[in-house]
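I have placed the structure first, in the form of structure tokens, so that the comments after it can refer back to it.
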Amino acid sequence: MPLTERTLPNGITLITEPIAATKAVAIGFWFRMGSRDEREGEWGITHFIEHLLFKGTTKLSASEIARFFDRVGGYVNAFTERETMCLHCVVPADYALQALSVLSDMVWDSAPKDDDIEHERSVIESEILASLDDPEECGTDQATLLMFPGNPLSRSIAGCVEDIRGIRAQSIRSFIALDLRCHAPIITIAGSFVPDEAESFLTVRTDGMAIRPLDRKSPSPVWNPGLFCPVSRFNQSQIFLSYPVTFSRDTKDWFSWDLINAITGSTVSSRLFQSLREKHGLCYSIFSSVIFGRDFALWGAYLATPPESTARAMDFLVKEIDDLVQYGFTETEIRDARTHVVGELLLSAEDTENRMKRLARQYLFGDTVYTIDECIEIVNDISDTSLFSHVSTAFKKDTASMVIYSDKKRAKECKKNVCKNSLCS
């Protein structure tokens with residue numbers, strides 16, 4: 001059956017992709033709200049609410065929700081991002097409507113008790129403290145804070161311990177009643193199920209409910225280029241090199257950067273991995289990624305290296321980007337990147353959860369969705385010259401943000417090297 005996109009009478013967007021050759025179904029409730037949309041004094045509340053969705057409804061206790069998914073051999077999970085919150089599950093196809101009913105109750109009939117809120121407050125504090133022991137997570141928070149200073153986008157998604165302790169139970173209940181329950185989500189379903197049954201259930205389930213698009217806007221981020229050297233207490237130095245990318249809602253641009261990223265740093269055959277790890281042995285972890293946000297886009301590379309290798313690793317990282325801008329890509333790199341991205345699309349088609357998430361990510365990006373075959377056609381239609389045009393436009397030294405998260409001695413060494421390469425102001 002074909003991929004379908006429908007808007008229900010109450011404004012909910014329902015995107016379905018029936019898959020005959022599977023016995024599973026994946027369901028996701030996606031909300032266009034994240035940590036950047038939070039009000040002052042309620043930082044971390046979206047992530048807090050995400051946790052509380054599992055604490056029970058007026059019909060089901062927390063243990064009954066857990067037992068349902070465990071009993072059928074499925075699983076349920078949720079996550080909060082800077083611009084999105086999602087509740088999702090995967091279950092055997094026979095339980096599709098039951099799972100949809102349970103997720104619906106978790107969203108629209110959530111009823112956390114005072115004890116639930118306080119217990120989960122403690123759990124979240126523990127989660128935040130654990131993240132402070134994670135060098136990559138701490139480094140990423142530092143880099144984001146420096147790239148977008150003063151913007152809500154730069155805040156930690158979960159907030160800090162003091163933020164969580166300051167959120168009142170009444171604020172949580174108000175958020176659930178006025179933001180979550182009234183928010184028209186994007187619901188994506190992929191797998192073995194009957195689309196008309198899912199649509200009929202959701203139409204009846206939300207009949208008469210006051211659901212609307214969420215109208216909460218945060219200020220657009222302003223890019224902050226330059227060299228930054230926050231002091232780290234961890235054993236390894238971390239290096240973040242990022243560039244702003246031209247903001248776009250064109251799916252061809254999305255896949256163009258997917259191809260560029262495959263060449264630069266998202267694969268083990270990429271330039272950064274082969275150079276800094278395989279050839280020079282400077283790091284264990286190195287990768288790059290592209291982020292398309294609500295009103296911004298960026299490409300970034302990350303690596304962690306022993307302190308004594310910090311300056312050298314930074315030099316090779318900058319050199320690889322310089323070579324990319326000066327000489328472009330080889331025909332072999334572009335060919336391999338194209339087959340890599342197409343291969344990923346084909347392999348993701350074997351996983352119902354990946355397909356469900358792909359539908360939502362596409363719709364959140366451009367308010368439309370494409371089949372796997374249509375995506376492959378888009379990838380194969382991207383010209384080689386356009387890839388170099390994207391790189392030469394984005395990778396400019398005066399727009400680079402370089403964050404060296406290390407001790408003071410390494411930071412001083414790196415400042416000298418970065419200034420030699422004209423990457424500092």
Side-chain angles (χ1 to χ4, degrees), residues 139-140 142-151 153-154 220-230 238-250 252-266 270-276 286-303 310-330 333-334 337 365 382-405 411 414-425:
T140 301
Q142 284 285 335
T144 306
L145 186 66
L146 292 163
M147 284 188 289
F148 301 117
N151 189 274
L153 191 69
S154 67
S220 297
V222 177
W223 184 257
N224 187 35
L227 170 65
F228 311 99
C229 299
Q238 297 176 74
I239 301 175
F240 300 82
L241 177 59
S242 305
Y243 298 86
V245 171
T246 301
F247 181 69
S248 170
R249 286 291 177 237
D250 187 331
K252 183 174 284 190
D253 287 342
W254 171 323
F255 281 116
S256 293
W257 277 103
D258 212 4
L259 292 170
I260 294 167
N261 203 39
I263 297 171
T264 54
S266 70
S270 66
R271 291 194 180 192
L272 296 183
F273 192 95
Q274 286 296 311
S275 174
L276 278 85
I286 181 168
F287 59 85
S288 67
S289 59
V290 182
I291 298 173
F292 281 96
R294 188 182 300 162
D295 48 12
F296 73 99
L298 66 89
W299 176 95
Y302 164 85
L303 68 91
T310 306
R312 191 161 172 253
M314 188 211 66
D315 282 345
F316 278 111
L317 176 59
V318 172
K319 181 182 183 303
E320 288 299 326
I321 300 303
D322 286 347
D323 287 349
L324 199 64
V325 172
Q326 185 173 358
Y327 303 112
F329 308 116
T330 67
E333 285 178 320
I334 296 174
F365 173 76
I382 295 170
S383 70
D384 295 3
T385 54
S386 71
L387 296 181
F388 182 69
S389 176
H390 281 297
V391 166
S392 59
T393 300
F395 292 173
K396 295 181 177 179
K397 290 188 176 183
D398 61 350
T399 66
S401 170
M402 173 77 82
V403 178
I404 311 292
Y405 191 44
C414 289
K415 282 182 180 180
K416 291 181 180 179
N417 287 18
V418 169
C419 287
K420 289 179 184 177
N421 288 293
S422 303
L423 264 178
C424 68
S425 54

How far does [atom1] of [X] sit from [atom2] of [Y], to the nearest 0.5 angstrom?
X: Ser401; Y: Leu241; atom1: OG; atom2: CG; result: 8.0 Å
X: Thr385; Y: Leu387; atom1: OG1; atom2: CG; result: 8.0 Å
X: Ser266; Y: Asp258; atom1: OG; atom2: CG; result: 7.0 Å
X: Leu145; Y: Asn151; atom1: CG; atom2: CG; result: 10.5 Å
X: Phe247; Y: Ser220; atom1: CZ; atom2: OG; result: 8.5 Å
X: Leu259; Y: Ile334; atom1: CG; atom2: CD1; result: 8.5 Å

Start with the C-alpha distance between Asp384 and Phe329, add both sets of side-chain angles, then the distance that settles side chain to side chain contact (heavy atoms under 4.5 Å, CB included), and finish with yes or no. CA-CA 9 Å; Asp384 295 3; Phe329 308 116; over 6 Å; no
Side chain to side chain contact (heavy atoms under 4.5 Å, CB included) between Glu333 and Arg271: does it pass, once the steps are laid out? CA-CA 10 Å; Glu333 285 178 320; Arg271 291 194 180 192; 2.8 Å; yes
Going through the distances and angles, do Asp253 and His390 end up as a side chain to side chain contact (heavy atoms under 4.5 Å, CB included)? CA-CA 9 Å; Asp253 287 342; His390 281 297; 3.3 Å; yes
Between Phe296 and Trp223, does the ring centre distance come in under 6.0 Å? no
Would the Phe287 and Phe273 ring centres measure less than 6.0 Å apart? no
Do [X] and [Y] have side chains that get closer than 4.5 Å, going by heavy atoms?
X: Ile404; Y: Leu227; value: yes
X: Met402; Y: Met314; value: yes
X: Leu153; Y: Met147; value: no
X: Thr310; Y: Ile239; value: yes

Any idea which heavy atoms bring [X] and [Y] closest together, and the distance?
X: Thr399; Y: Ala394; value: OG1-O, 3.6 Å
X: Phe148; Y: Val222; value: CD2-O, 3.8 Å
X: Ala262; Y: Ala337; value: CB-CB, 4.1 Å
X: Asn224; Y: Leu146; value: ND2-O, 3.0 Å
X: Thr144; Y: Ser154; value: O-CB, 3.6 Å
X: Lys396; Y: Tyr243; value: O-CE2, 3.4 Å

Taking [X] for the side chain and [Y] for the main chain, is one N or O donor matched with an acceptor at less than 3.5 Å?
X: Ser275; Y: Leu272; answer: no
X: Asp295; Y: Pro221; answer: no
X: Thr264; Y: Ile260; answer: yes

For the residue pair Phe240 and Tyr302, categorise the inter-ring angle as parallel (less than 30°), tilted (30 to 60°) or perpendicular (more than 60°). tilted
Which word best sums up how the rings of Phe292 and Phe365 line up, parallel for under 30°, tilted for 30 to 60°, or perpendicular for over 60°? perpendicular
Could you check Trp299 against Ile321 for side chain to side chain contact (heavy atoms under 4.5 Å, CB included), going step by step and ending with a plain yes or no? CA-CA 12 Å; Trp299 176 95; Ile321 300 303; 3.7 Å; yes
Considering the options Asp322, Asp323, Asp315, which one meets the side chain to side chain donor-acceptor pair (under 3.5 Å) requirement together with Lys319? Asp323
